[in-house]
Amino acid sequence: MLQLSPSNARNAISIEEKFSLLSEHWAPRVVAEMNDYQFKIVRLQGDFIWHTHADSDEAFFVVEGELRIDFREGSVRLRQGELYVVAKGVEHKPYAEHEVRLMLIEPRGVLNTGEALGERTARNDVWI
Ligand code: NI
């Protein structure tokens, strides 16, 4: 569902409530915007695909669960409450053994699969 950013609304955004409305995996949903940046929630489970965002860094904040982000050399493990920023141009592949609830913070227009378009590419700019 598309909607305008409720920037002048007086109600707080409950991340927990937003997650309760989202059951699909690997389908980011926008919950807020700040200038040109979007806060997105997504449920992840299993293996994603290798991809790169040539023009933007990408911030991962783990709301619940544990996420591993693989790089061509090494990986980083993020537990609940931990934040990590993947620098632009760095190839990465998220992996979650068990379901992870994640918040992504990135500029409007960044695709989840970067340049690696395919069946995992989610429709962009979908609000929840
Ligand atoms: Ni990415």
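Predicted model only: the values in this text are computed from it and were never measured. Atoms within a ligand are numbered from 1 in the order they appear, just like the ligands themselves.
- Partners of F61 by ring pair (Phe, Tyr, Trp, His ring centres under 6.0 Å), not counting sequence neighbours: none found.
- If you count the protein N, O or S atoms nearer to the Ni ion (ligand 1) than 2.8 Å, you get 4.
- Below 30°, between 30° and 60°, or above 60°: for F48 and W26 the angle between ring planes is below 30°, a parallel geometry.
- In the hydrophobic cluster analysis, where Ile, Leu, Val, Met, Phe, Trp and Tyr join through side-chain heavy atoms closer than 4.5 angstrom, L44 is grouped apart from L111.
- For E91, the side-chain hydrogen bond (donor to acceptor under 3.5 Å, both in side chains) criterion is met by R72, not counting sequence neighbours.
- Side-chain heavy atoms closer than 4.5 Å link hydrophobic residues (I, L, V, M, F, W, Y) into clusters, and following such links, even through other members, never connects F60 to V110.
- For E17, the side-chain hydrogen bond (donor to acceptor under 3.5 Å, both in side chains) test picks out no residue, with sequence neighbours left out.
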